[in-house]
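Residue numbers run from 1 in the order of the sequence given. Order of listing sets the numbers, starting from 1, for every ligand and every atom in it.
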Amino acid sequence: MVLSSVLGFPRIGANREVKKAVEAYWAGKISADDLTKAAAEVKKTSWTTVKAKGVDFVPSGEFSLYDHVLDHSAAFNVIPKRYVGLGLSPLDVYFAIGRGRQSEGVDVPASEMKKWFDSNYHFVVPEFSDETDFKLNFNKAVEEFKEAQAAGVNTRPVVFGPISFLVLGKASKDAKPGFQPISLLSKLIPVYETLLADLKAAGAEWVQVDEPILVLDKAATLESQYASTYAALSKVAPKILLTTYFARLDSNLAYVAKLPVAGLHIDLDRAPAQLDEVLAAIKPTSIVLSLGLVSGRNIWKTDFAAAIKTGQKAIDALGQDRVIVATSSSLLHTPVTLASENKLTPEQKDWFSFALEKAAEVATIAAVLSGSQDAAVAAALEENKVSIAKRREFESTSDDTVRKRVAAITLDQLERKSPFTTRKEIQAKHLNLPKFPTTTIGSFPQTKEIRQARAKLGKGELTQEQYEDFIKKEIETVVRFQERIGLDLLVHGEPERNDMVQYFGEQLQGFVFTQNAWVQSYGSRYVRPPIIVSDVSRPSPMTVKWSSYAQSLTKKPMKGMLTGPVTILNWSFPRADVSRELQSKQLALALRDEVIDLEKAGISAIQVDEPAIREGLPLRRSDWDAYLKWAVDSFKLATAGVTDQLQTHSHFCYSDFDDIFPSIQRLDADVISIEASKSDMKLLNTFKQYGYSNQIGPGVYDIHSPRVPGGQEIKDRLKSMLEILPDSLLFVNPDCGLKTRGWKETEASLVNLVEAAKWARENY
Ligand code: GLN
Ligand code: ZN
């Protein structure tokens, strides 16, 4: 019989119970006991509802109040020294590592977070040193396994694998120079042996051990570590399902297929082409293959017919008893249930499948592959056939105008009329900016009043006209403020935006929005990504009204402000029927029209933000070039339709450019602003070394903290920047938008920034 499985479930709860409880605990409104109870309820609901959908392998142990990697670190006693001895409870130490803590004499920053592979989820990076003393502070896997048993569900516990744990971690500041976390492996294995043996003793038949780094190039050098680790663990553990996701095993397959594990999970949503290779490699072994057929990364209904065909192929090679039908990854990256959506049309609702619906999908596909004669299964199969046919029909009704426009894109549409050096002179005359021009990244504080006005508009308590008057006043305040403190290139402040992607999605054709489709970004932060459902186009201008109003208030140049095509794509749920490249180019054409309209309306500088261009990089290096080609082309397509006198800007929130540098240069933005206040000057050296030729605004202070940078501090920073960069190329700006900041620190910081730029003008 073919069994079905889910690799992990969202934690938030159908009504955001966990998020609310966690935040209430932080605010001191509920006790630790209340929090535990709220979490227990959500876990119980997840286990029982997933089981009720007919899933054989229900996951446990992957639930988290903040982050599963942090849970794992805390369980294994991987707690950085700065959080030890503060007199906090273990739960508060846990939250302090995740989000920092400032209270009653305790002042510790949060640990570093990193993107979880190519998703929008962030994990807390474990810190290791030669002194790391692994021990099991608690056995979460066993505890939750028992908790689920008490709720009547026999689960397959999930444990984060030892090698991924070490490789995704970093050396702590106090580690000896040259220390590599992987060197701790032999110390770590005995602790895993205890954990897994306990799990076996508790009655777990299988355990899902996640080793997602097996899909990365760097795992190629870890063959011997994998061999020795899994030889040791398989002796004491329940049956191990070695679990990979998000990309393909590639050459690592050669050694993975030889590991003494009972099962292997592969992602056939992200990497369907690997199936043949994997089947061939494991056929001679007794390894059970878990097929990741139901996407854990998107919200589209699975095409049962296609999934069944793939499943049958695996059965033909391995036999029914060696095949499991599964979600491609944890369902952490999908919303809980479609049942909470009341505003989608029935037609739209029929296209989607969220976590709970996906659980039902794996069960149905497995049942069909097992030869089930059950009437309910047959009905589900038929229903799916109808839904998929309707969706395909909808997909086939493409917007011909947009499709033709994309097909007709020419190389010269991607290039500005003249090279940067020529543009620079023309723009200098046109914009008349001083040396070391000062500017900001776009948003000004999103105050409570602004959010309230938006909420009132939503509830109908404000008319559109009243709301727009309110926004205009906000814009005026921001413009006057910038004039008063002496900034050179102004912005309108973005008060009209709920979010930098949603705001544009709502004005573009081709998107739909949900009410409750929350997906975890980090900790208690959740986002509701818009969904791209059809060809994208721009029915009418999106920002021209606001930017030209702002420009009408001042003689100083106003910078238009847009979100770039790649970022809109990355922070949405994309379509699955056409390529990301096509979607990105459609977005780029819509933005190109907006850019051209802004110029026509008298705007002389336009910033197109692309903070997500880097996170969209494929996990395998061999796929980078293809991605960077269309990603950079999309940006160029969006921005190159203007005259030489228009100054284009772009903004990235990061600074790790080393490996994609040529692509940054190829964007050919007149000015880019980047994060530079946290990282050292190494970054600017990279720019110098590569001979970057356009203008740069390296952030002179960190806006992610309420701390006000002193004037001298900014001057010192400029000084060291000018040791590396030519003075004619430098812009002076903060490192990101100011929307999360208060007005008080914003004013104090920007006054110091302007003063530092004046000082630079006198001294350079
Ligand atoms: N223009 C946006 C802002 O200032 C940029 C946001 C971002 O970089 N994430 O908020
Ligand atoms: Zn930013």
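No cation-pi contact links R497 to W546, judged by a cut-off of 6.0 Å to the six-membered ring centre and 45° from its axis. Cation-pi contact between K472 and Y549: present, with separation from the ring centre below 6.0 Å and deviation from the ring axis of at most 45°.
Looking only at atom types and distance, the side chain of N570 has no donor-acceptor partner in the side chain of E615 under 3.5 Å away.
The minimum heavy-atom distance linking K629 with R666 is given by the pair O-NH2, 3.3 Å.
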Step-by-step ring-ring contact (aromatic ring centres under 6.0 Å, His included) determination, F504 to F511: CA-CA 10 Å; F504 290 97; F511 283 80; over 10 Å; no
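Within the sub-2.8 Å shell of the Zn ion (ligand 2), the protein contributes these N/O/S atoms: H651 NE2, C653 SG, C736 SG.
Ring pair H122/Y522 is perpendicular by interplanar angle, where above 60° counts as perpendicular and below 30° as parallel.
For residues 552-573, no residue pair satisfies the salt bridge (Lys or Arg N to Asp or Glu O under 4.0 Å) rule, not counting sequence neighbours.
By the side-chain contact (heavy atoms from CB on, under 4.5 Å) test, S111 pairs with P80, R82, Y83, I97, V124, E127, sequence neighbours left out.
Paired with H333 under the rule ring pair (Phe, Tyr, Trp, His ring centres under 6.0 Å), one option of F117, F573, F246 passes, and it is F246.
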For each nitrogen or oxygen atom of ligand 1, which protein N/O atoms lie closer than 3.5 Å, and how far apart are they, rounded to 0.1 Å?
from, atom 1, to, atom 2, distance (Å)
ligand 1, 1 (N), I441, O, 3.0
ligand 1, 1 (N), E494, OE2, 2.8
ligand 1, 1 (N), D609, OD2, 2.7
ligand 1, 4 (O), I441, O, 3.3
ligand 1, 4 (O), S443, N, 2.9
ligand 1, 4 (O), S443, OG, 3.1
ligand 1, 8 (O), H651, NE2, 3.1
ligand 1, 10 (O), S443, OG, 2.8
ligand 1, 10 (O), K739, NZ, 2.9

